[in-house]
Amino acid sequence: MKRSSSNRALVYARNAAMGCVVLLLLVAGVLSSWDEAHHIVLAKGREHGTMTVTGCGADVCTGPFAPSGQATARSRVTIDKSVAARRGDRFPVVIKPGTDDVVRTGTPGFLHAWVPLGGALLLAGLVIGGGLRLSRTGWGTGIAGAALLVATFVAL
């Protein structure tokens, strides 16, 4: 009898540990994504416009900002190069407050901002399926993460 209760306690401890790992992965994914996504999701009151890429360096691309609405024009703004921008591309952006950095808006920008969450969902699916032995939930979580990553790739 004692052996059975200790095995049950180990199973509960393992499940609790795996649950904590899943929670950590998902919270880290949301926090990493929210750093960029909040500029898109909560864009009301921010400067909106269009950026034309004139050059790209190792990490960032630069170009002029043409405002739409009450924003002010800027001769040079920067965007992360990972947004799949090439010289001559034009896309809608929103300016991060207090900087000359911009974030791509629209569906491609929204999806790109949530890429860290997609990766976290993919990893959490492995932990859920393998560690917690909830295969259907693990598959669903992993497929949701993969779908987000594929949709971002297609949109950009």
Side-chain angles (χ1 to χ4, degrees), residues 16-132 134-156:
M18 291 295 114
C20 288
V21 169
V22 168
L23 185 64
L24 178 69
L25 284 169
L26 295 179
V27 167
V30 169
L31 290 178
S32 294
S33 296
W34 190 247
D35 186 42
E36 292 286 323
H38 82 277
H39 297 292
I40 300 165
V41 175
L42 305 174
K44 189 173 185 179
R46 298 184 195 259
E47 295 182 81
H48 293 267
T50 304
M51 177 187 179
T52 304
V53 178
T54 57
C56 290
D59 297 328
V60 296
C61 292
T62 59
F65 172 76
S68 62
Q70 298 179 351
T72 57
R74 298 180 188 207
S75 60
R76 186 173 187 261
V77 293
T78 60
I79 192 166
D80 289 338
K81 190 173 181 180
S82 63
V83 181
R86 292 183 306 269
R87 188 180 180 136
D89 284 351
R90 295 182 51 153
F91 42 81
V93 294
V94 64
I95 296 180
K96 292 181 181 180
T99 67
D100 285 331
D101 296 334
V102 296
V103 177
R104 190 171 181 171
T105 59
T107 302
F110 180 81
L111 290 172
H112 182 266
W114 291 105
V115 163
L117 178 61
L121 284 168
L122 202 57
L123 289 172
L126 293 172
V127 175
I128 292 169
L132 292 173
L134 299 171
S135 59
R136 288 183 184 169
T137 306
W139 273 104
T141 305
I143 289 171
L148 177 58
L149 296 175
V150 169
T152 303
F153 178 77
V154 169
L156 289 175

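The basis for the numbers below is simple: all heavy atoms, side chains too, and nothing from hydrogens, waters or symmetry mates.
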*Shortest non-hydrogen contact from Trp114 to Ser33?*
CE3-CB, 3.2 Å
*asked:* Quick check: closest heavy atoms across Gly63 and Met51, and the distance to 0.1 Å?
replied: N-CE, 3.6 Å
*How long is the gap from NE2 on His48 to OG1 on Thr105, to the nearest 0.5 Å?*
7.5 Å
*Could you tell me whether a side-chain N or O of Thr54 sits under 3.5 Å from a main-chain N or O of Thr62, the two making a donor and an acceptor?*
yes
*Would you call Cys56 and Arg87 a side-chain contact if the rule is heavy atoms closer than 4.5 Å?*
no
*So do the side chains of Val41 and Phe110 get within less than 4.5 Å of each other, counting heavy atoms only?*
yes
_Atom of Arg90, atom of Thr52 and distance for their closest heavy-atom approach_ = CG-OG1, 3.4 Å
*Check whether any side-chain heavy atom of Arg104 lies under 4.5 Å from a side-chain heavy atom of Ile79, and answer yes or no.*
yes
*asked:* Rounded at 0.5 Å granularity, tell me how far CG in Leu123 sits from CG in Leu26.
replied: 10.0 Å
*Can you tell which of Leu25, Val27, Val21 makes a side-chain contact (heavy atoms from CB on, under 4.5 Å) with Leu23?*
Val27
*Step by step, would you call Lys96 with Glu36 a salt bridge (charged side-chain N to carboxylate O under 4.0 Å, His left out)?*
CA-CA 9 Å; Lys96 292 181 181 180; Glu36 292 286 323; 3.0 Å; yes
*Can you tell me if His112 uses its side chain to pair, donor with acceptor, with the backbone of Pro108 under 3.5 Å?*
no
*Are side-chain heavy atoms of Asp35 and Leu31 found at a separation under 4.5 Å?*
no
_Give me the atom names and distance for the closest heavy-atom approach of Pro116 to Ser32._
CB-CB, 3.7 Å
Validation: residues 141-156 side-chain donor-acceptor distances under 3.5 Å, sequence neighbours left out:
unit_1 : atom_1 : unit_2 : atom_2 : d
Thr141 : OG1    : Thr137 : O      : 2.8
Thr152 : OG1    : Leu111 : O      : 3.3
Thr152 : OG1    : Leu148 : O      : 2.8

*Kindly give the heavy-atom pair with the smallest separation between Cys61 and Val53, and that separation in Å.*
CB-CG1, 4.0 Å
